Amino acid sequence: LTTVAFLPQVIQTWQTKKTKDLSLGTFVFQGASVILWFYYGLVIGELPLILWNAITAILVFTIVVFKLKYK
């Protein structure tokens, strides 16, 4: 559910091109957190942890790119 939670924001931002009310810092820290969980999954060899955090990272960093692009 954590992964899917970012999908509506990505879709809405993509459609509206509006990011004024999104906090860049929040998404940067969330992205860093997800990358650390991804790395932990690699270290312990847990495919679900690796997979879902990779997907979440893509969604979070998509929002970061939108935030920077659609100032």
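Everything quoted here is computed from the prediction, not taken from an experiment. If you read the sequence from its start, that first residue is 1, and numbering goes on from there.
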*asked:* Is there a continuous path of hydrophobic side-chain contacts, each under 4.5 Å between heavy atoms, that joins L36 to I50?
replied: no
*asked:* How long is the straight-line distance from CZ of F38 back to CG of L51, given to the nearest 0.5 Å?
replied: 9.5 Å
*asked:* If hydrophobic clusters are built by linking Ile, Leu, Val, Met, Phe, Trp and Tyr wherever their side-chain heavy atoms come under 4.5 Å apart, do W37 and I63 end up in the same one?
replied: no
*Give the minimum heavy-atom separation between I35 and A57, together with the two atoms involved.*
CD1-CB, 4.0 Å
*Calculate, to the nearest 0.5 Å, the distance between atoms CG and CG belonging to L42 and L47 respectively.*
10.0 Å
*Sort and list the pairs that fulfil side chain to side chain donor-acceptor pair (under 3.5 Å) and have at least one residue in residues 42-60, not counting sequence neighbours.*
T3-T56
*Is the closest side-chain heavy-atom distance between L24 and L68 below 4.5 Å?*
yes
_Holding to side-chain hydrogen bond (donor to acceptor under 3.5 Å, both in side chains), I want the full list of residues that pass it with S23, two or more places apart in sequence or in another chain._
T26
*Taking ring pair (Phe, Tyr, Trp, His ring centres under 6.0 Å) as the test, write out the residues that go with F29, two or more places apart.*
none
*asked:* Enumerate the side chain to side chain donor-acceptor pair (under 3.5 Å) contacts for residues 60-71, please, sequence neighbours excluded, ordered by first and then second residue.
replied: none
*In terms of hydrophobic clustering (I, L, V, M, F, W, Y; side-chain heavy atoms under 4.5 Å; direct or indirect links), are L22 and F66 co-clustered?*
yes
Extract all donor-acceptor atom pairs below 3.5 Å that involve side chains of residues 4-13 and protein atoms in other chains or at least two apart in sequence.
| unit_1 | atom_1 | unit_2 | atom_2 | d |
| --- | --- | --- | --- | --- |
| Q9 | NE2 | T13 | OG1 | 3.2 |
| T13 | OG1 | Q9 | O | 2.7 |

*With sequence neighbours excluded, tell me which residues meet side-chain hydrogen bond (donor to acceptor under 3.5 Å, both in side chains) with Q30.*
none
